[in-house]
A.B. asks: 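This is the structure I have questions about; it appears just below.
Naming: A, B, ... by sequence-line order, numbering from 1 per chain.
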Amino acid sequence: MGKNNSKTPQAIRGTQDIFGAEAESFAFVVETFERVRKLYRFRRAEFPVFEKTEVFARSIGETTDIVSKEMYSFEDRGGESLTLRPEFTAGIARAYLTNGWQQHAPVKLATHGPLFRYERPQKGRYRQFHQIDAEIIGAAEPQADVELLAMADQVIRELGIEGVTLHLNTLGDGDSREAWRAALVEHFRSVKDELSEESQERLEKNPLRILDSKDRRDQRFVADAPKIDAYLSDEARAFFDAVTGGLDAAGVKWVRAESLVRGLDYYRHTAFEFIPDEGSAAADALGSQSTILGGGRYDGLIESLGGPPTPAVGWAAGIERLAMLVGEKGEGRLNVAVVSEAESTDLLAAWLAPQLRWKQLSVELFNVGGLRKRYDKAVKANPQVLLVLDDKTSVPHQIGVMRVRSLTHNKSIDPDTADLIRDALEGKLWLGGNRIIQHGHEIELEHDPLAE
RNA sequence: GCGAUCGUAGCUCAGUUGGUUAGAGCGCCGGUUUGUGGUACCGGAGGUCGGGGGUUCGAGACCCCUCGAUCGCCCCA
């Protein structure tokens, strides 16, 4: 709110502070990606979040929106123009060249982290956002595309996301793409005056984009626009057939999307997006954003950075968008709540908690405030087991009593948890007597572990 | 860059056609039921109603400007 305006700086527009349930969903996406990429033997890599501006300007394309108006660029103290990465691929290509990773080619890389684009924020779109990313560099074969897409498909399915479909297209090789582009320009130029204002501009800058315009005025002319298929070379056709055949064999469902083009200049051959199905719950959750994962083949990119001709293919997916589709991920139930009733049992509690945590039980300590508040908070934390420490003992060498409470409805304690608690304490805190970890039991604490 | 909607307590919100000292729930702090089941009861702290200007006898409500948020266009993940 505004109260602290004069004192507290505000967060940068389009950045997010992620906490609680949302943070759990975010982590679930990353963890799932990490697990799956290992199954496909993609190697983990880390890259700088900023690069020389030319890394992006030269590879992504000067006329793209990203380069022309969305980059966070600045001069460092040496006067060099640097840019916060707006995407992963260009920086990875640079790293491939400057580190001599040709020696590893073909190399399968996986990474994730923040990206930055100066855009107007809205649902599913931020100025600092996060992606998971997978690339195969140095592989010209369609089998690489297939494996990469199979991995994308598995990530999405293991996330439990439904109602999302792989939309697949080919842009052909460089010559095919140029011939098709020229034909499109000619087609749309003939009806230029009837196109939307935006598409009239696109005609000069980015004619392929007219194909997926949402404007009805444009859509009339999209239907009979030239198709890429008519311009594909035999090689490009064969390549695409090999990709689709491989996807079928791998059990990856896909649909042909003839008008799917990707925004960046460097794409060749395979281009794809995973898009929620019309009317699905996923589509609702994403608002007006549609693509959750996108990518393609970029055989020309590495050359544009001064490297040798190097085939490559990759994809990236928005973690925030995926997280919106995975549903609530709880923080996991608390295993044990420890309530220390007396000042004299606080140290006992401080000793007990880590013993249990070393047994991989989650433990939360309740040792401040009034007794009633301690119990209120402990119960509200919804632990499986409530352990109460108090010093009400009349036996001289006893240091206290631990009472066991189950907070499950049937007052039973999960036997594995009970075993872990007993193992943690065995021989350390008490000997003889009642050692049963069950609801309602009181256990006499006879030895002071702190004194040993 | 353009458009629409919205800013009241830490959070979610209420606040009649403008009318005394601005409200609730949750959360927080303290107390009681003589200490134990997602409680109950009592009390307390916390707001210059985003900010600035204007209209009015009187503005949280109306007007202008500004800042911010949300959603959409463009574009993208």
A.B. asks: For B:C2, which nucleotide in any strand shown is its Watson-Crick or wobble partner with both distances under 3.5 Å?
C.D. replies: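 Answer to the pairing question: B:G72, which forms a Watson-Crick or G-U pair with B:C2.
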
A.B. asks: Just wondering, do A:Phe129 and B:A77 stack (centres under 5.5 Å, planes under 30°)?
C.D. replies: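 Check passed, A:Phe129 stacks on base of B:A77.
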
A.B. asks: Going by atom types only, do A:Thr291 and A:Glu273 share a side-chain donor-acceptor pair under 3.5 Å?
C.D. replies: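 Checked: A:Thr291/A:Glu273 side chains pair up, N/O donor to acceptor below 3.5 Å.
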
A.B. asks: What integer distance in Å separates A:Phe116:CZ from B:A77:P?
C.D. replies: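 The distance from CZ of A:Phe116 to P of B:A77 comes to 16 Å, rounded to the nearest Å.
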
A.B. asks: Which value, in whole Å, describes the distance between the C1' atoms of nucleotides B:U32 and B:G68?
C.D. replies: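 The answer is 45 Å between these two C1' atoms.
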
A.B. asks: If you go through the side-chain atoms of A:Arg321, does one of them form a donor-acceptor pair with the base of B:C76 closer than 3.5 Å?
C.D. replies: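 Pair found.
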
A.B. asks: Is it possible for you to check whether A:Arg127 lies under 6.0 Å from the centre of the six-membered ring of A:Phe116, through NZ or CZ, and within 45° of that ring's axis?
C.D. replies: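 No, A:Arg127 and A:Phe116 do not form such a contact.
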
A.B. asks: Write down the distance separating the C1' atoms in B:G46 and B:C29, rounded off to the nearest Å.
C.D. replies: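 Nearest-Å result for B:G46 against B:C29 at atom C1': 11 Å.
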
A.B. asks: Does B:C73 have OP1 or OP2 sitting under 4.0 Å from an N or O in the side chain of A:Ser288?
C.D. replies: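 True: A:Ser288 side-chain N/O within range (under 4.0 Å) of B:C73 OP1/OP2.
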
A.B. asks: When the nearest nucleotide of RNA chain B is assigned to A:Lys69 and to A:His130 on a heavy-atom basis, which residue is associated with the more 5' position?
C.D. replies: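 Looking at RNA chain B, the more 5' nearest nucleotide goes with A:Lys69.
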
A.B. asks: Both distances under 3.5 Å, Watson-Crick or G-U wobble: report the partner of B:C57, or none.
C.D. replies: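 Looking at the geometry, B:C57 pairs with B:G19.
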
A.B. asks: Of the options B:A77, B:C76, B:C75, whose atoms approach the side-chain atoms of A:Arg202 most closely?
C.D. replies: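 For A:Arg202, the side-chain atoms sit closest to B:C75.
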
A.B. asks: What's the gap between B:U5 and B:G10 when it is taken at their C1' atoms, as a whole Å value?
C.D. replies: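 Looking at atom C1' only, B:U5 and B:G10 are 25 Å apart.
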
A.B. asks: Could you check whether the side chain of A:Arg125 and the base of B:C75 have a donor-acceptor pair of N or O atoms closer than 3.5 Å, going by distance alone?
C.D. replies: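 Checked by distance alone, the answer is yes.
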
A.B. asks: Using purine N1 to pyrimidine N3 plus N6-O4 or O6-N4 for Watson-Crick, or N1-O2 and O6-N3 for G-U wobble, each under 3.5 Å, what pairs with B:U34?
C.D. replies: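 Result: none.
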
A.B. asks: Taking for each residue the nucleotide of RNA chain B bearing the nearest heavy atom, is the 5' side occupied by A:Leu371 or by A:Arg120?
C.D. replies: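 Between the two, 5'-proximity favours A:Arg120.
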
A.B. asks: Reckon A:Gly124 touches a base, only the sugar-phosphate, or nothing at all at heavy-atom distances under 4.0 Å?
C.D. replies: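 The answer is base, as A:Gly124 lies within the cut-off (heavy atoms under 4.0 Å) of a base atom.
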
A.B. asks: Would you classify A:Lys373 as touching base, sugar-phosphate or nothing, given that sugar-phosphate means primed atoms plus P, OP1 and OP2, and contacts are heavy atoms under 4.0 Å?
C.D. replies: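 Base, at least one base heavy atom under 4.0 Å.
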
A.B. asks: Taking only side-chain N and O atoms of A:Gln122, does any of them lie within less than 4.0 angstrom of OP1 or OP2 on B:G72?
C.D. replies: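 A:Gln122 to B:G72 OP1/OP2: side-chain N or O found under 4.0 Å.
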
A.B. asks: How close or far is atom C1' of B:A77 from atom CD1 of A:Ile132, stated in whole angstroms?
C.D. replies: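 To the nearest whole Å, that distance equals 10 Å.
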
A.B. asks: Tell me what A:Arg117 touches on the nucleic acid: a base, only sugar-phosphate, or nothing, going by heavy atoms under 4.0 Å.
C.D. replies: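 Base: the residue A:Arg117, judged by heavy atoms under 4.0 Å, touches a nucleobase.
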
A.B. asks: Counting only Watson-Crick or G-U wobble pairs whose two distances fall under 3.5 Å, which nucleotide matches B:C28?
C.D. replies: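 By the stated definition (distances under 3.5 Å), B:G44 pairs with B:C28.
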
A.B. asks: Specify the separation, in whole Å, of atom CD1 of A:Ile210 and atom P of B:C75.
C.D. replies: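 Going from CD1 in A:Ile210 over to P in B:C75 covers 10 Å.
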
A.B. asks: Which one of A:His269, A:Arg256, A:Arg262 satisfies the side chain to side chain donor-acceptor pair (under 3.5 Å) criterion with A:Asn169?
C.D. replies: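 For A:Asn169, the side chain to side chain donor-acceptor pair (under 3.5 Å) check succeeds only for A:Arg256.
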
A.B. asks: Would you indicate what A:Arg262 reaches in the nucleic acid, counting non-hydrogen atoms under 4.0 angstrom: base, sugar-phosphate, or nothing?
C.D. replies: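 A:Arg262: backbone/sugar contact only, no base atoms under 4.0 Å.
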
A.B. asks: Whom does B:G7 pair with, Watson-Crick or G-U wobble, provided both distances fall under 3.5 Å?
C.D. replies: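 The answer is B:C67, by the H-bond criterion.
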
A.B. asks: Using atom C1' in both nucleotides, what's the gap between B:G7 and B:U66 to the nearest angstrom?
C.D. replies: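 Per the computed distance, 13 Å lies between those C1' atoms.
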
A.B. asks: Taking any heavy-atom pair under 4.0 Å as a contact, classify A:Ser406: base, sugar-phosphate, or nothing.
C.D. replies: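 It contacts base atoms.
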
A.B. asks: Rounded off to whole Å, could you give me the OH-to-C1' distance for the A:Tyr375 and B:A40 pair?
C.D. replies: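 For the pair A:Tyr375 OH and B:A40 C1', the rounded distance is 19 Å.
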
A.B. asks: Using only side-chain N and O atoms of A:Lys380, determine if any of them is under 4.0 Å from OP1 or OP2 of B:U39.
C.D. replies: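 Looking at the OP1 and OP2 atoms of B:U39, one of them is under 4.0 Å from a side-chain N or O of A:Lys380.
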
A.B. asks: May I have the distance from A:Arg374 (atom CZ) to B:C29 (atom P), rounded to whole angstrom?
C.D. replies: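 Whole-Å distance recorded here is 12 Å.
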
A.B. asks: Which whole number of Å gives the distance between the C1' atom of B:C49 and that of B:A14?
C.D. replies: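 About 13 Å, rounded to a whole number of Å.
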
A.B. asks: Checking A:Gln154 against A:Tyr40: is there a side-chain donor and acceptor pair closer than 3.5 Å?
C.D. replies: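 The criterion, which ignores hydrogens and geometry beyond distance, is satisfied for A:Gln154 and A:Tyr40.
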
A.B. asks: Specify the separation, in whole Å, of atom CD1 of A:Ile60 and atom C1' of B:C75.
C.D. replies: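 Computing the A:Ile60:CD1 to B:C75:C1' distance gives 13 Å.
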
A.B. asks: Taking atom types as modelled, is there a side-chain donor on A:Tyr298 or A:Glu135 under 3.5 Å from an acceptor on the other?
C.D. replies: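 Yes, because at least one side-chain N or O of A:Tyr298 sits under 3.5 Å from a partner of the opposite role on A:Glu135.
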
A.B. asks: Pairing donors with acceptors under 3.5 angstrom, does anything connect the side chains of A:Asp414 and A:Thr417?
C.D. replies: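 Result is yes, a qualifying pair exists.
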
A.B. asks: From the options B:C28, B:G72, B:C76, select the nucleotide whose nearest atom is closest to the side chain of A:Lys123.
C.D. replies: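 From the listed options, B:G72 comes nearest.
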
A.B. asks: Specify the separation, in whole Å, of atom OH of A:Tyr266 and atom C1' of B:C76.
C.D. replies: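 So the OH-C1' distance, A:Tyr266 to B:C76, works out to 12 Å.
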
A.B. asks: At under 4.0 Å between heavy atoms, what does A:Glu87 touch on the DNA or RNA strands: base, sugar-phosphate, or nothing?
C.D. replies: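 Nothing, no heavy atom under 4.0 Å.
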
A.B. asks: How is A:His439 classified with respect to the nucleic acid when contacts are heavy atoms under 4.0 Å: base, sugar-phosphate, or nothing?
C.D. replies: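 The residue A:His439 makes base contact.
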
A.B. asks: Do A:Thr111 and A:Asp133 meet the criterion of a side-chain donor-acceptor pair at a distance under 3.5 Å?
C.D. replies: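 No - no donor-acceptor pair under 3.5 Å links their side chains.
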
A.B. asks: Does A:Ser290 reach a base, just sugar-phosphate, or nothing at all? Heavy atoms under 4.0 Å.
C.D. replies: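 Base: the residue A:Ser290, judged by heavy atoms under 4.0 Å, touches a nucleobase.
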
A.B. asks: Please give the distance between the C1' atoms of B:U48 and B:G30 as a whole number of Å.
C.D. replies: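 One C1' to the other, the span is 28 Å.
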
A.B. asks: Select base, sugar-phosphate, or nothing to describe what A:Lys411 touches, counting heavy atoms under 4.0 Å on all strands.
C.D. replies: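 Since no nucleic acid heavy atom lies under 4.0 Å of A:Lys411, the category is nothing.
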
A.B. asks: Base, sugar-phosphate or nothing for A:Leu386? Non-hydrogen atoms, less than 4.0 Å.
C.D. replies: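 Result for A:Leu386 = nothing.
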
A.B. asks: Expressed as a whole number of Å, how far does the P atom of B:C75 sit from that of B:U12?
C.D. replies: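 Taking atom P in both B:C75 and B:U12, they lie 34 Å apart.
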
A.B. asks: Tell me, please, which residues at least two apart from A:Arg357 pass salt bridge (Lys or Arg N to Asp or Glu O under 4.0 Å).
C.D. replies: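 Salt bridge (Lys or Arg N to Asp or Glu O under 4.0 Å) check on A:Arg357 returns nothing, list empty.
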
A.B. asks: In whole Å, what separates the P atom of B:G60 from that of B:G23?
C.D. replies: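 Straight-line distance between the two P atoms is 14 Å.
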
A.B. asks: Using only heavy-atom distances, determine whether the side chains of A:Gln289 and A:Arg125 contain a donor-acceptor pair under 3.5 Å.
C.D. replies: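 Distance-only check fails for A:Gln289 and A:Arg125.
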
A.B. asks: A:Arg127 CZ to B:G68 C1': how many Å, rounded?
C.D. replies: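 Between C1' of B:G68 and CZ of A:Arg127: 13 Å.
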
